[in-house]
Structure formats: structure tokens, C-alpha cells
Amino acid sequence: MNNLLSCSALRWLLPVLALLCSGLAHAQPEPIKFGQVDKPDLTAAPFARDSAEAVVLCDFGRSRMEGKGAGLQVVFERITRIKILKKAGFEHATVEIPLYHRDGDQEKLSALRGYTYNLVNGAIERTKFDATGAFVEKRTPTTDIQKFTLPNVREGSVIEYAYTLRSDFLFNFQDWSFQQAIPVRWSEYRVSIPTFYKYKIIYQGSQAFDVNLARFGTVGLSLDDKVPTGAGLSAGTSTGTLSVTASTEEHQWVRKNVPAFRPELYMTTPRDYVDRLDFELTGEQWSENNYHDLTGTWPKINSLLLADEDFGGRLNHAGPLKDQVTGLAARYPAVVDRAAAVRQTVMAALRYDGHDWYRAQTPLRKALDAHRGSAADVNLLLIAALREAGIDAHPLLLSTRDHGRISKEFPMLDRFNYVVALVPLADGKDLLVDATEPVLPCGTLPERCLNSVGRLVLPKDGEGRWIDLTPTQRQVRFQQVALTLDAQGGLQGKVHDERGGYAGAQARAELASLGEKKYLAGLLQRHDAWAVPKLTVGQAEAVEKPLTLDYEFTQPPAGNATAGTFYLSPLSEFGPGQNPFRHQDRAFPIDFGMMQEETLLVTLTLPAGYEVASLPKPAVVELPDQGGRFIYNVAAVSPGVVQLTSRLNLRKPVYAASEYANLRELYGQLMARQGEKLIIQKKSGG
């Protein structure tokens, strides 16, 4: 596989029969023993060539099942050992372990232990981790995070920790990532699964395993109550409990010398691209003719959600804003206008608290009384209010960019973490409405939601459908600059800067967060020599229009200015500053989320008696298949006046990894052209 670009190219499905073809293979010895660190790992010699801040020496995990009451639970054990090479690597001494919970049940952590090893005067010094210092942080409505930090960490330390996690959620069988943010010398995962449970095992990765073994085994289970026998189960003697022996599928996967995952600009979560294994519970089979299909289907998920009090139940009650929205139909007969008015009503009553989820775990009235709520609180309230206003509105499930990709092939509800409203329009189009971001106009989703597709939930089973989340709104920036150069090399400038679409939303959010003074300071970070007495912000509240910035500046002559000749790159002061694509290659898509448009017009007035020695040649750079274009031009529009034009259009929200080289080259050409220096000199005989 060359690139991680699609579900078929991303993932190798490993069905049971294929994996068990090596049924006679035997598992190798365990790669690590807790508490037994190798002394050479504490020296610098083995890591002399490593440029990373830390290296995972070994990451070893094992999952199995054991009896609990009348059922089974998954037991996951892990040992991780990391070499700290630089101070920047100290952050790897803080560990986060996700713990899933639902309906009163909670995954439980035990046997948490750890050491930090240092070499002191040639001897190994061990500092024990005190598990009482660990604490739990709530992260999402279904996930808590167990956090702890290993002590006495220095450059050259080796840290090690281990724990056991028990889970009653058989559908939440522990996944495994072979690739991390730092290099991994050895990553190994072993699983033992009773054959009466069927899992689909999905490998996402660009490289083959170094070890990939599978065999049949057996396991003894102790259960409180009798379970059906057959297909690998044989009942044993029991006094109060039932002892059974089950056949198992044993797997061992190893990846060696896995490179660090390199995050890039314009990407979704690393989880979408790192080398990893995922497990999906598809069924259980207690006898040859007794197979129970546990695979989810989209109609099943649709019915489940509508029957859920925290989802469909919130939409079935009279909206808490009923009195405020019932009169809007008469005032706004057009559906789009009325939807915008309802959205404004919701935003005025309830503020988004930054937490993303699709289920409202408490009644909407409670969130309304607190004037704060999650994305689910806000947008389920929005849907209820739209319906009260006579608008046909339905929930649309999606996954935010930092949560991960949705697979149409595998119906899994936990892959979603967000809900918005969909309003079907008379022309066959859909209006997507979100009430969490006042800086956006109605019908524009927040940038965090621009993640491929969403799933529409409709009242009748089977009517749900996929909705393309690609926005019609673009990220637009237009700058018009008037520059005047004096005979000493000083500059005066007048700038009109418009930021429309998503660029306007970003600017408005920054202004609201920082305030005008700090925002201006950030705007001028690149321009130490500028003096800007005043910045005027326009249309800040008119979110349907571009936000405008108008300011004037002065810049004194450069200290090395040569009398009679000046070298000036007018566009470079207002362009991106650097190529965002610095690396030679990229293994995953470039995901902007939306189309891009940047226009920069600079009019330069020269001092009397001066001219440009020669005008740079114009340039047009086209991406293949009309994917985008960069246009550059410099022209003398009148005596002593030069106009420079730079236009960039990116016509696709997402570019495949195979298009990276062309996109990088386009930006390289943009940077080179915007950096071209004009040679401004006195006219001959002047």
C-alpha cells in the first residue's frame, strides 16, 4: 500500500480464517519484564542517532477474557517503557488512560505501578511511582481519563509503567496503536478471544507486521450460571459456579522500529492515520446453528437513538422555547429566514460550553436555566425550537475533526460525537444549522464539524441517509494595500483587509477572545518596524458579511539602505510568510475543510525621479484537474506607480496525498514570487 487514502487502502481486513492459517505457530516469549531494565538503555550510546525527544523502547499489551458473574469481561494488561532523550520529552512521563463508562457501568483500572530509572555514578537508581498521586479527569460524557506523572525524570531517564484494565463492555475490546508521536522500537499486542465471540479485526497501516502469528488455544472460565454449551465450550464440575473450557483464537502482532507519526497542518486527528488495530464485535455463536448477529446497522442505530430519552426523548417534548418561537412563522414566512431567527433565539438563551456530544444527558430545561450547555444541549434544543416554529427539522449526527473519521461500512454509534439540525428546503437542498458559534451565519457549520459526512436520523427506519458536509462557504481573504516609498527608503502604507467566510469567523473569534488591542499586537508580530497608530474594525457583528480591518502604518528606512537604489518585496509583508508544506512528502490527505481564496493587491507609488529597473515576469501556476491556481503579475499602471497582484484559488477542500507534491510546489512558487525584490533606482539623467 502506498498511501493511507481510503477505507480500502487504509485497512486490511483480517478475517478469522485468514489469520488462523498459521494455526500451528506458537507465541514468542514476552518482550519485556516489568522492573527489569537493561543498563545499556540508560546510556547515551544506543540513542546517538536519535533526533526525537524520546523513544518508546517497548510497548506490550495483552487482552483476554475471563468470567465475571454470569458473563465475561475483557482484561487488558499493558507494560510501556520509554527512554527520555531531551527536556521536550518530559511530557511523555505524564500518562493518560481512557476509561469508558455507560449506564452506571465503568471500566476499572488496577495494579497501576511505575518506575523512573536513572544511571547515577554507574549504578541504576530506581524511583518508585506513588499511585496515590493519580487522578481522574472527566473528558466526555462516556470517557474519563486516569492521569498520572512518573517522578524524578531527567534527560537520559528510562520510565516504565504498567496497569490492568477490566471492562464489562465486550464491544469495547481494546484497540492498539503501533505508532505514536515518538519512534517505537518494539510494539506488540496479543489477544486471546473465545471462539464463541466473533470480532472483525481491522488493520490500518502502510507496512506489514514483523510478526503476525495466530493459533488455536483453550481457556478455563468460571461463571456463576450455566451457559449454553457447544462450539468450543465443554462443561466441567461445579459447586456454586460453572467451570467451562473454551477454545480460543490466539493472535500475536509485532511492529519493530516504527517511525514517529509526524503531525502536519491541515489534517484531522492522528487516530485517522496512525498504524493501528481496531476490533468490532460482530456476533456470538454458542453452537453450530446458534449464531447471534451483533453487527450494528444504520436502521438499528436510527431506532436506538429515537428511543433514547437523552436523544429522541429530548425532541418529543414541547420545546422549552415554545413561547418565544411560535410567533416567528408569521414574521418570517421564508423558511431560511425563520430558521435564522430561531437560531438567534437559541443562541441568546444558551451558550455552548465547549463540550461535544450528541446526547443531552439532562433535560434541556436544566441547560436552559444554566444558560450553558454542550453541543448536544444547544443543538437538540435548536431542533425542538425549529419544530415549534413550524419548520421540518431533523438531527444530523457527525464526528468532529479531532474525534475521527466516520466509516459508512461499519455502523458504530460511538464514532459520532456531535449533532446539528438539518432543514430540508423546497428546492431539494438541505440547510445545516448549528447554534454553538455566534461568529458564523446561519447555514454554516463550525470548522471543527467539517469532517466528510454526517448521518441523518429520520422518524422512520431505513430513511436515514448520508449528508455531504463540504461547505459552500469558502475561506476568503482580500487585501488591498497602497504603499508610498519616499526618497530615503521609508514607507507609508494604507491597508484594507477583508476576511470573509471561515476567515471572517476565525478573525471574529480571535477578536472576541483577545480584545482589539491584543489582536492588533498579534497582527503586527511579523512587522517589528511598523508603527500603527490605529486599527479600525468593521462589520464585526454582521457575520453574513466579511469582517474588515483598516489601518495605516509607517516604516522607517532600513539601516543598510543604499542612496539612490532600493530593494523592496512589497507582497512578502502581506503573504503567508512561509510555505505551510515544509516536508518532501506526506502520507495522508491535505484536509483544509473548505475551499480557499486569497487575493493581494499592492499599489506602490515611487519617489519622484525613480523607476523599477525591470519588472518581474508574470506567472500562472495550475494544479492538475483544475484543482487550483496561483496568478502573479507586476505591471506599471502609470508613471511612478507599480501594481502587484497575487491571487490564490484552491478549489478543493481535500487533496489526496498523491497531490501533495503539486500543492507544495504551488505554494513554493507563491512564496518565491511574493519574495521577489523590485530594484528601484533613480532614472538615468535624473
Side-chain angles (χ1 to χ4, degrees), residues 437-441 444 447 473-486 488-558 568-578 594-607 630-635 637-638 640-649 670 673-675 678:
E437 299 291 349
V439 296
L440 287 168
T444 301
E447 189 171 344
Q473 282 272 23
R474 298 169 295 165
Q475 180 159 297
V476 181
R477 188 174 184 188
F478 173 80
Q479 296 179 84
Q480 188 168 25
V481 183
L483 293 179
T484 301
L485 179 69
D486 63 34
Q488 289 72 44
L491 278 174
Q492 290 185 336
K494 186 175 182 180
V495 181
H496 176 72
D497 187 348
E498 294 186 3
R499 306 188 185 205
Y502 283 99
Q506 293 164 6
R508 287 182 173 95
E510 288 183 42
L511 269 169
S513 174
L514 300 175
E516 192 171 306
K517 186 176 180 180
K518 288 186 178 179
Y519 180 79
L520 175 60
L523 191 70
L524 301 178
Q525 275 185 336
R526 285 175 52 196
H527 312 290
D528 294 337
W530 284 11
V532 179
K534 185 179 180 182
L535 173 74
T536 302
V537 180
Q539 301 180 160
E541 304 300 324
V543 296
E544 298 83 6
K545 299 179 180 179
L547 178 109
T548 63
L549 305 172
D550 288 279
Y551 59 95
E552 297 181 8
F553 72 90
T554 58
Q555 177 178 300
L568 199 63
S569 303
L571 293 175
S572 65
E573 296 291 336
F574 306 95
Q578 63 180 1
M594 76 292 291
M595 293 182 286
Q596 314 271 314
E597 181 180 319
E598 295 183 9
T599 302
L600 174 55
L601 302 177
V602 176
T603 301
L604 174 63
T605 301
L606 306 179
F630 166 62
I631 298 175
Y632 169 78
N633 189 56
V634 182
V637 294
S638 62
V641 179
V642 178
Q643 189 170 76
L644 302 93
T645 303
S646 172
R647 285 195 176 93
L648 173 67
N649 281 279
L670 180 148
R673 296 296 184 169
Q674 289 189 354
L678 302 180

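Count residues from 1 along the sequence. Excluded from the calculations below are hydrogen atoms, water molecules and symmetry mates; all remaining heavy atoms, backbone and side chain alike, are included.
Under the salt bridge (charged side-chain N to carboxylate O under 4.0 Å, His left out) criterion, no residue pair touches residues 547-557, with sequence neighbours excluded. The ring pair (Phe, Tyr, Trp, His ring centres under 6.0 Å) pairs that include a residue from residues 523-546 are His527-Trp530, Trp530-Phe553, Trp530-Phe574, where partners are two or more places apart or lie in different chains.
Taking 4.5 Å as the limit, every side-chain heavy atom of Tyr551 sits out of range of all side-chain heavy atoms of Leu520. Proximity of Leu485 to Pro607: side-chain heavy atoms (C-beta onward) are separated by under 4.5 Å at one or more points. In this structure, the side chains of Val602 and Leu483 come closer than 4.5 Å at one or more pairs of heavy atoms. Side-chain contact between Leu549 and Val495: absent, with no pair of heavy atoms (C-beta onward) separated by less than 4.5 Å.
Shown here are the side chain to side chain contact (heavy atoms under 4.5 Å, CB included) partners of Gln596, two or more places apart in sequence or in another chain: Gln475, Phe592, Met594, Leu650. Looking at residues two or more places apart in sequence or on another chain, you find no ring-ring contact (aromatic ring centres under 6.0 Å, His included) involving Phe478. Checked against side chain to side chain donor-acceptor pair (under 3.5 Å), Ser646 has the following partners two or more places apart in sequence or in another chain: Gln674. The side chain to side chain donor-acceptor pair (under 3.5 Å) check on Glu498 picks up His496, with sequence neighbours excluded. Take Tyr502 and apply the side chain to side chain donor-acceptor pair (under 3.5 Å) test, not counting sequence neighbours, and it matches no residue. Here Val543 pairs with Pro441, Arg508 under the side chain to side chain contact (heavy atoms under 4.5 Å, CB included) rule; sequence neighbours left out. Shown here are the side chain to side chain contact (heavy atoms under 4.5 Å, CB included) partners of Arg474, two or more places apart in sequence or in another chain: Val476, Met595, Glu597. Applying the side chain to side chain donor-acceptor pair (under 3.5 Å) rule to Asp497 yields the partners Arg477, Arg499; only residues at least two apart in sequence or on another chain are considered. Checked against side chain to side chain contact (heavy atoms under 4.5 Å, CB included), Lys545 has the following partners two or more places apart in sequence or in another chain: Gln539, Ala542. For Glu437, the salt bridge (charged side-chain N to carboxylate O under 4.0 Å, His left out) partners are Arg448, not counting sequence neighbours.
Closest approach of Ala529 and Pro556 over heavy atoms only: O-CD, 3.4 Å. The shortest non-hydrogen separation linking Phe630 to Arg673 is CE2-CG, 3.9 Å. Taking all atoms of both residues into account, the shortest heavy-atom contact from Ala635 to Asn633 is CB-ND2, 4.0 Å. The two residues Leu604 and Pro570 make their nearest non-hydrogen contact at CD2-CG, 4.3 Å. Closest heavy-atom contact between Ser569 and Ser572: O-OG, 2.8 Å.
Taken to the nearest 0.5 Å, the CZ atom of Arg647 stands 13.5 Å off from the CG atom of Leu670. The CG atom of Leu568 sits 9.0 Å away from the CG atom of Leu606 when rounded to the nearest 0.5 Å. Between atom CD of residue Glu573 and atom CG of residue Leu600 there is a gap of 11.0 Å, rounded to the nearest 0.5 Å. Taking CD1 from Ile631 and CG from Leu648, the interatomic distance works out to 10.0 Å, rounded to the nearest 0.5 Å.
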Practice task
Apply side chain to side chain contact (heavy atoms under 4.5 Å, CB included) to Leu511 and Leu547, showing your working.
Solution key: CA-CA 11 Å; Leu511 269 169; Leu547 178 109; 4.0 Å; yes
Exercise for the section: Could you please spell out the steps behind the side chain to side chain contact (heavy atoms under 4.5 Å, CB included) verdict for Gln480 and Thr599? Expected result: CA-CA 8 Å; Gln480 188 168 25; Thr599 302; over 6 Å; no
Problem - Evaluation steps, side chain to side chain donor-acceptor pair (under 3.5 Å), between Gln506 and Glu447 - result: CA-CA 9 Å; Gln506 293 164 6; Glu447 189 171 344; 2.8 Å; yes
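Here the side chain of Thr605 pairs no donor or acceptor atom with the backbone of Thr484 at under 3.5 angstrom.
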